[in-house]
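It should be emphasised that the depicted structure is a prediction, and the values quoted were computed from it without experimental measurement. Computed over heavy atoms, backbone and side chain alike; hydrogens, waters and symmetry mates excluded. Just so it is clear: chains get the letters A, B, ... in the order the sequence lines come, proteins before strands, and each one is counted from 1.
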Amino acid sequence: MAEDSNSVKAVEKELKDNPGSSGDAIVVKPKKKKAKAKGKAKPQHEGKEKTHRKMKTPKEASMDFEDSGDRRSQVNVKEEPEEDPDFVIKGKKRKRKVDNTDGPFSTSEAPLPKKKKKKKAAEEGQENSATVKKKIKGTKDKVKKEEGGHSVSTKKKKTKEEIEAARALKIKKKEEEEKQRWRWWEEEKYEDGIKWKFLEHKGPYFPPEYQTLPDDVKFYYNGKPVKLSLPAEEVALFFAQMMDHEYTTKEVFRNNFFRDWRKEMTLEERQLIMDLNKCDFGELHAMHKQKVEARKNLSKEEKLVNKEANQKIVDEYGYCVLDHHRERIGNFKIEPPGLFRGRGDHPKQGMLKKRIQPEDAIINCSKDSRIPEPPAGHRWKEVRHDNTVTWLASWTENVQGSCKYVMLNANSKLKGEKDWEKYEVARKLKTCVDAIRAQYQEDLKSKQMGTRQRAVALYFIDKLALRAGNEKEEGETADTVGCCSLRVEHITLHDTLDGQKCVVEFDFLGKDCIRYYNKVPVIKRVFKNLKLFMENKQGGDDLFDRLNTQLLNKHLSSLMPGLTAKVFRTYNASITLQQQLKELRNMKENVAEKLLSYNRANRAVAILCNHQRAPPKTFEQSMANLQAKIDSRKEQLDLAKKELKQAKKEAKGSSDNKLLIVVEKKKKAVQRCEEQLLKMEVQATDREENKQIALSTSKLNYLDPRISVAWCKNMEVQLDKIYNKTLRDKFAWAIDMTEHDFVF
DNA sequence: ATGGTAACTTAGTATACCTCTA
DNA sequence: TAGAGGTATACTAAGTTACCAT
């Protein structure tokens, strides 16, 4: 946890030795903009069950800090010379050299033929290792089969053969897939913001129309059965379906629902149904539950039929053709109507999310493509041909009035390229992060209040990986904040706390109403500035009243093209992973232990980024089960050890081959037991540490996949141990191009 | 500058699905 | 061979950022 080596600390020291102008010199201008009055200091987390569950104890939170401190020391490892020094991010400025093989995000004049060769080699390596793996797998299967073969009935044998056949099919399919994969990363990039040249698709898939209730299922008002009109009935069912959730008891939810429901009613209905509390949805609710149950209990065949029907829909609507390649669409289904349930204390919870009609949808495709047919009797709102955007269809959602898009899957070129670019920007930041840090350290002393605030905000964003924090319209969304939108009530300053000086205690709700709680020692100058910013302010006032995300990002982009607040999150996440992996590296470990190390590195990032999850409902149970398994395995091990001892004793002095064989067997049994035990214990540790932490988000969005691919190569761990199929597809570009010596 | 919004990324949760075990 | 347990996927809300109009 030595923070000494990091630049922040170094500069801090320098500053300490050279105390410059203090905050007193600053003239605090009165706060200007921001129409919304946020006078009242809202009590935090009231009634937020979600938040509550996710609350961390202060102890855990301070552990968080230690982790981030740890990370700090990693930041300044000796840096490799940047590979693409002339990398320019701005899409518009990016120009691709036609005749070199450099990465697509480089404008480098110097050709890098080396890279191409490397790539070729990587290709071969990949193929080779894949073939080898396959072979090994094949042999193993065979052995297994032979082992079981003669002692088991023919029926079982057949099953085994079937299993093997299925496996072979899988492998074949995989090969096929690999062959068909579009290796877009080897191709030229398009000019200036052009996303595609040809795009054809079938349009979005609409959810089925509402089917009216069976006659024996009734809605009651004031104890009397009421046959509702179709639209009113549909919305009533939405409510009935949610009645197991606690939020249907909430005032806000109920009011919003009732208001919107009444809008769907006929005049008569509206006149009759005046009070939600007199509504009895019991039968609708029971019917829904029954349906769910019935669906669960479908026979195998029926389930298969359903599955095939779904597959047909996917085959028809789930793909598009983009520049000669068939690409999977991410969300080709129009979102079905229902009741809106935002996250946390959302003021709009319970409102009706309306059914989307083709007349609401805009289609985007090539002029010369087969234009998708709207559903019978309908027409599209608009068909356009805009190849500067990536969406295939869009509509406006009625609850928040925002746009929704149909876009491609994460494994598509369009998404992959962007993702790659994101990591290249973050790597670029690595080359200038020291300078930027020095700059904001300097800015902490600025005469300009705005500059100081910007510097402090940047310090938080860099050190704590906070989000930018846009302003939000009050009353439209839950009250959450990011860095720039922090309010005075969200931090508490402690001159000393637990033996540490200048501690800032953060407590606020961030994205998705996830609580951020952390106690962080900061450098003196930041601390002093915070005191200054908080002077004469109420809890509900903005901490950074002279700053917003636009200003911040504008400044950042002047420091490095393409630099925005979120790049720091990507950068710090990836560099942390790399550093942690390096630190935890131990070739002597077995695979399970190596994976635990990887997960721990991943976890450090997840903690940094505050990626939380609800502890799985079955957590305690499954933990207990695992512990029971461990215990029984321990007993087994003891037994096996005893038996080994016994066998040894018997074999001692004897040259009887049989006895020696027995000893060997027992030895193996002990060994196997030990291995399994270790594996389970490692698993238990991993799971316990992961209780409230979600690793997937950072894996998916923040960690440069090349770091993980290189780690696997170096540690001789199979990639599929850390990346599932989806991830491998998404990161195909990285898997293909990364060698063991990759450095972020 | 400010404000609005289009476009796209990031986020957690519900549920479908798969695998292993009793 | 069901079903428990765990993982993958679907879903969609909630962010960020660029860009445009005023």
### Message
Both A:Lys333 and A:His346 contact DNA chain C. Which one's nearest nucleotide lies toward the 5' end?
### Response
A:Lys333

### Message
Can you tell me if A:Lys404 touches the phosphate of C:dA13, counting only side-chain N or O atoms and a distance under 4.0 Å to OP1 or OP2?
### Response
yes

### Query
So does A:Thr564 get a side-chain nitrogen or oxygen closer than 4.0 Å to the phosphate oxygens (OP1/OP2) of C:dT17?
yes

### Message
Does A:Asn553 reach a base, just sugar-phosphate, or nothing at all? Heavy atoms under 4.0 Å.
### Response
sugar-phosphate

### Query
Which of the following nucleotides, B:dA11, C:dT17, B:dC8, is nearest to the side chain of A:Lys566?
C:dT17

### Query
Given atom CG of A:Leu700 and atom P of C:dA10, what is their separation to the nearest angstrom?
13 Å

### Query
With nearest nucleotides of DNA chain B determined for A:Val389 and A:Arg569 from heavy-atom distances, which residue corresponds to the more 5′ nucleotide?
A:Val389

### Task
Round to the nearest Å and state the distance from A:Met242 atom CE to B:dT15 atom P.
10 Å

### Query
Rounded to the Å, how far apart are A:Glu471 CD and C:dT16 C1'?
14 Å

#### Entry: For A:Asn398, side chain to side chain donor-acceptor pair (under 3.5 Å) partners two or more places apart
none

### Task
Kindly write out the residues that satisfy salt bridge (Lys or Arg N to Asp or Glu O under 4.0 Å) with A:Lys353, not counting sequence neighbours, or none if the list is empty.
A:Glu335

### Query
Are any of A:Lys418's side-chain N or O atoms less than 4.0 Å away from OP1 or OP2 of B:dC8?
no

### Task
Using a cut-off of strictly less than 4.0 Å, decide whether A:Thr480 has a side-chain nitrogen or oxygen near OP1 or OP2 of C:dG15.
yes

### Task
Select from A:Leu551 and A:Met407 the residue whose nearest nucleotide in DNA chain B is closer to the 5' end of that strand.
A:Leu551

### Residue whose nearest DNA chain C nucleotide is more 5′ - A:Val481 or A:Lys300
A:Lys300

#### Entry: Aromatic plane relationship, A:Tyr516 with A:Phe506 - under 30° parallel, 30 to 60° tilted, over 60° perpendicular
perpendicular

### Query
For A:Lys554 and C:dT16, what is the distance between atoms NZ and C1' respectively, to the nearest whole Å?
18 Å

Check: protein-nucleotides 6-8 of chain C nitrogen or oxygen pairs below 3.5 Å:
{"from": "C:dG6", "atom 1": "OP1", "to": "A:Arg687", "atom 2": "NH1", "distance (Å)": "2.8"}
{"from": "C:dG6", "atom 1": "OP1", "to": "A:Arg687", "atom 2": "NH2", "distance (Å)": "3.0"}
{"from": "C:dG6", "atom 1": "OP2", "to": "A:Ser622", "atom 2": "OG", "distance (Å)": "3.2"}

### Query
By ring pair (Phe, Tyr, Trp, His ring centres under 6.0 Å), which residues pair with A:Tyr319, not counting sequence neighbours?
none

### Query
Is there a side-chain polar atom (N or O) of A:Lys422 under 4.0 Å from OP1 or OP2 of B:dT10?
yes

### Query
Any side-chain N or O of A:Asn331 under 4.0 Å from OP1/OP2 of C:dC11?
no

### Close aromatic pair by centroid cut-off 6.0 Å: A:His611 and A:Tyr702
yes

### Message
Students often get this wrong, so: under 4.0 angstrom with heavy atoms, is A:Gly401 touching a base, only sugar-phosphate, or nothing?
### Response
nothing

### Message
Check this one for me: any side-chain N or O of A:Ser696 less than 4.0 Å away from OP1 or OP2 of B:dG12?
### Response
no

### Task
Classify the side chain of A:Lys511 versus the base of B:dT10 as yes if they form a donor-acceptor pair under 3.5 Å and no if they do not.
yes

### Task
Check every strand shown and say whether A:Ala478 touches a base, only sugar-phosphate, or nothing at a heavy-atom separation below 4.0 Å.
nothing

### Query
OP1 or OP2 of B:dA14 sitting under 4.0 Å from any side-chain N/O of A:His245?
no

### Summary
Looking only at B:dA7, C:dT12, B:dT10, the nucleotide nearest the A:Tyr405 side chain is B:dA7

### Query
Does A:Lys195 place a side-chain N or O at less than 4.0 Å from the phosphate oxygens OP1/OP2 of B:dA7?
no

### Task
For A:Tyr516 and C:dA14, give me the distance from atom OH to atom P, rounded to whole Å.
22 Å

### Task
Show your working on side-chain contact (heavy atoms from CB on, under 4.5 Å) between A:Asn364 and A:Arg384 and close with a plain yes or no.
CA-CA 5 Å; A:Asn364 192 31; A:Arg384 65 172 78 158; 3.7 Å; yes

### Task
Check whether any side-chain nitrogen or oxygen of A:Tyr702 sits under 4.0 Å from OP1 or OP2 of B:dA11, and answer yes or no.
yes

### d(NZ, A:Lys472; P, C:dA13) in whole Å
14 Å

### Message
Mind checking if A:Thr390 touches a base, just sugar-phosphate, or nothing, with heavy atoms under 4.0 Å?
### Response
sugar-phosphate

### Message
Suppose we screen for salt bridge (Lys or Arg N to Asp or Glu O under 4.0 Å). Which residues come up paired with A:Lys354, at least two apart in sequence or across chains?
### Response
none

### Task
Taking only the side-chain nitrogens and oxygens of A:Lys353, find out if one of them lies under 4.0 Å from OP1 or OP2 of C:dA13.
yes

### Query
Taking the six-membered ring for Trp, are A:Phe340 and A:His346 parallel (under 30°), tilted (30 to 60°) or perpendicular (over 60°)?
perpendicular

### Query
Residues in side chain to side chain donor-acceptor pair (under 3.5 Å) with A:Thr480, at least two apart?
A:Lys472

### Message
With a 4.0 Å cutoff (strictly under), does any side-chain N or O of A:Gln400 reach OP1 or OP2 of C:dA13?
### Response
no

### Query
Sub-3.5 Å donor-acceptor pair from the side chain of A:Arg728 to the main-chain atoms of A:Tyr723, do we have one?
yes

### Query
Rounding to a whole Å, what distance do you find between A:Arg467:CZ and B:dG12:P?
7 Å

### Query
So, is A:Arg343 near the phosphate of C:dT12, with a side-chain N or O under 4.0 Å from OP1 or OP2?
no

#### Entry: Between P of C:dA10 and CD of A:Glu335, the distance in whole Å
15 Å

### Query
OP1, OP2 of B:dG12 versus side-chain N and O of A:Thr697: anything below 4.0 Å?
yes

